[in-house]
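Order of appearance sets the numbers: ligands from 1, and atoms from 1 within every ligand. Quick caveat, the model's predicted, so the values are computed rather than measured. Scope of the values below: all heavy atoms of this structure, side chains included, with no hydrogens, waters or symmetry mates.
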Amino acid sequence: MEPIVDLDFIDNRTPEQAAAAACDTHVTKETNTGKSRKLYIESYGCAMNFSDSEIVSSIMFEQGFDTTSDIADADVVFLNTCSIREKAEQTVRNRLGQINYHKKKNPGMVVGVLGCMAERLKKTLLDEEKIVDLVVGPDAYRDLPNLINEVDGGQKAVNVLLSREETYADINPIRLNSNGVSAFISIMRGCDNMCSFCVVPFTRGRERSRDAHSIVREAEALVAQGYKEVTLLGQNVDSYKWASEDGTDKVNFAQLLEMVALLSTDLRVRFSTSHPKDITDEVLYTMKKYDNICKYIHLPAQSGNSRVLELMNRTYDREWYINRVDAIRNILGEDCGISSDMIAGFCTETEEEHQDTLSLMDYVQYDYSYMFFYSERPGTLAARKLEDDIPLEVKKRRLDEIIQKQRETSLNRNKRDIGKVHRVLVENFSKKSDEQLSGRNDQNKVVIFDKKHYKKGDYVNVFVHDCSVGTLFGEAVD
Ligand code: SAM
Ligand code: SF4
């Protein structure tokens, strides 16, 4: 049975772009190294979760598990889950219902729920979903071997302890989500920001930064294996701050970016997500200094209205956000790609305030955005203090207006790219034809062009002659 891909957001980009970073579903690839048991993982949500599944696979590999892409073949099935919106959790619950069908055929199959939903619901998941044997939070993956042993011994097992230190720095992830060209590197975990709508601080715990040298070693190993692009991941990469135990060695995000960029001029460096309150000019100048740091910034605004931003506890206002966008344009120029996350219909948002979001989008001219309507999450500051008072049909209508605005600005931005040569890193064949290749330019836009003699992993100069809302089309030039 195919995994369901039931997304609770409306996305105007191509499947290639959506797969790169938004809410999505990934299934483990086959490792087939002759281990005695097989693990199947389905990962939901954001890139952080996909990256975590690679850590989980590595821990399970040491415990005697190969990964499989066929659930019917699995001894252990993990769902690595997302709690960010109600629909994301519902998707997982529906999927557990489908997995029941496999468990009936194979009663020895172990079913585990990992990640944010495990952390949020803890032991109640075992009571509510009888099929589940194992519930494991995002900081407890090292305990998986013990937990699996408990389940093998006939018990149900739970570990949802959050940690202030765990960064899995020493674990060598098994690259499940990779096309062999680009890979994710997790540089920090958790979040200290307490945006009022957001469940992440509760499900992923306190912010901690990973040892900078272990990050550089991981990137170095990827370069040695032929990878051409790394994306440094964190909920708020600009607050990355690591210090050695004796305090003599200190690294901030701009310095980390530089350390990774210096590994190879052939390695593209990307990062996500930047928080508008923390992104510094130092980061922007570091991006400018190195050609191989991609000129693309994901800078979620969430709203264009200062009162709503205050209610969201984003700790910046419209003017601050515009100042940061102006700094990007001044330092990195008009061509730097900027994307956003937007929430429609947050508590008490008026029509005028919604218009402020649309006018901010006009001002910034985002290349694209991830767009959602507000979904109240139990336990968050907003759920405790604010009334979720915007009717669903109003939220949906406002979201639709935001999407239409984004289609307009994406098209404007893509039209600017016509008539120019773009350096494209080839990632795969185009979805529509094996005679065409698909890759991304510096600004993270998907570019499709005729294959000629080029292949996956090549850098190709492509002259762009046409575009749609989500894609650039061109011709390779030598
Ligand atoms: N750390 C990132 C930041 O602050 O920009 C975002 C991480 S969050 C996993 C991804 C996006 O989900 C958020 O930027 C926000 O737009 C959206 N989101 C989070 N909680 C939400 C909620 N309760 N309802 C709707 N969208 C939500
Ligand atoms: Fe959630 Fe805000 Fe942290 Fe992003 S910065 S993960 S939106 S609390």
- prompt: If you draw the axis of the six-membered ring of Phe372, does the NZ or CZ of Arg85 fall within 45° of it and under 6.0 Å from the ring centre?
  reply: yes
message: Rounded at 0.5 Å granularity, tell me how far CG in Asp389 sits from OH in Tyr374.
response: 10.0 Å
- prompt: Can a salt bridge be assigned to the pair Arg206 and Glu165 using a cut-off of 4.0 Å between side-chain N and carboxylate O?
  reply: no
task: Anything under 30° is parallel, anything over 60° is perpendicular, the rest tilted; go ahead and classify Tyr168 against Tyr141.
output: parallel
field: Arg324/Asp278 salt bridge by N-O under 4.0 Å criterion
entry: no
Criterion side chain to side chain contact (heavy atoms under 4.5 Å, CB included) on Arg397 and Val394, from CA distance to verdict: CA-CA 5 Å; Arg397 194 252 305 144; Val394 175; 4.0 Å; yes
task: Taking only heavy atoms of the protein into account, state which residues are under 4.0 angstrom from an atom of ligand 1, in chain and number order.
output: Ile84, Arg85, Phe197, Gln235, Thr273, Pro300, Gln302, Arg314, Asp341, Ile343, Phe372, Phe373, Tyr374, Ser375, Arg377
- prompt: Is the closest basic N to carboxylate O distance between Arg307 and Glu353 below 4.0 Å?
  reply: yes
query: Hey, which atoms in ligand 2 end up nearer than 4.0 Å to a heavy atom of Arg314?
result: 2 (Fe), 7 (S)
field: Minimum side-chain heavy-atom gap Asp388-Lys395 below 4.5 Å
entry: yes
- prompt: With distance as the sole criterion, is a donor-acceptor pair present between the side chains of His298 and Thr273 under 3.5 Å?
  reply: no
message: Restricting to distances shorter than 2.8 Å, give the number of protein N, O or S atoms close to atom 3 (Fe) of ligand 2.
response: 1
field: Parallel, tilted or perpendicular: rings of Phe253 and Phe271 (30°, 60°)
entry: perpendicular
